[in-house]
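Structure, as structure tokens:
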Amino acid sequence: MASAITASDEFNDVVLHNLALVAPSIMRQGMQTTQWQANRSFVIYGDQDELVSPASLAKFVQDRQLPHTVLTTGHFFHGKLVELRDALQQHTLP
């Protein structure tokens, strides 16, 4: 969605800020080539993600030098909502 907003003339007045990519589907959605513009982007994912390779996510954030948090959890963050909230708050700037 961020890529579509960035590329569209319809959303010229929209400025993305604090864009959270939570367990992004980089393998299925072609995120390797997706470009977006945001004042701040960050990634949160689980080290036991069963749908998106944690190694691929680690490479994704490293290649883009994105701030990130890795939680001890799977793709759906079961039982980890407090930790997810804390990670979101940690990365979100006013």
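Not measured: the values here are computed from a predicted model.
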With heavy-atom distances below 4.5 Å as the criterion, would you say the side chains of F77 and I44 are in contact? yes
Go through the steps to decide whether E83 and T73 satisfy the test side chain to side chain contact (heavy atoms under 4.5 Å, CB included), and finish with yes or no. CA-CA 10 Å; E83 290 90 340; T73 189; over 6 Å; no
Other residues, nucleotides, ligands: >12 heavy atoms within 6.0 Å of Q65 CD: no
OG1-NE2 distance between T92 and H17, expressed to the nearest 0.5 angstrom: 8.5 Å
Pair H75, V52 - check side chain to side chain contact (heavy atoms under 4.5 Å, CB included), show working. CA-CA 7 Å; H75 186 76; V52 183; 4.0 Å; yes
Nearest heavy-atom approach of G46 to P54 is O-CG, 3.8 Å
Enclosure of E10 CD (heavy-atom neighbours >12, cutoff 6.0 Å): no
Do S41 and R64 have side-chain heavy atoms sitting under 4.5 Å apart? no
Atom CG in L51, atom CZ in F76: separation rounded to 0.5 Å? 5.0 Å
Supply the atom-to-atom distance D49 CG to L71 CG, rounded to the nearest 0.5 angstrom. 11.0 Å
Under 3.5 Å: donor-acceptor pair, side chain of H68, backbone of L66: yes
Under a 4.5 Å cut-off applied to non-hydrogen side-chain atoms, are P24 and L57 in contact? yes
If I compare all heavy atoms of E50 with all of G74, which pair ends up nearest, and what's the gap? OE1-CA, 3.3 Å
For a 4.5 angstrom cut-off between non-hydrogen side-chain atoms, does V22 reach L84? yes
Do Q90 and T69 come within less than 4.5 Å of each other through their side chains, counting heavy atoms only? yes
Under 4.5 Å between side-chain heavy atoms, counting indirect links through other Ile/Leu/Val/Met/Phe/Trp/Tyr residues: same cluster for L21 and V70 or not? yes
Listed partners of H91 passing ring pair (Phe, Tyr, Trp, His ring centres under 6.0 Å), at least two apart: F42
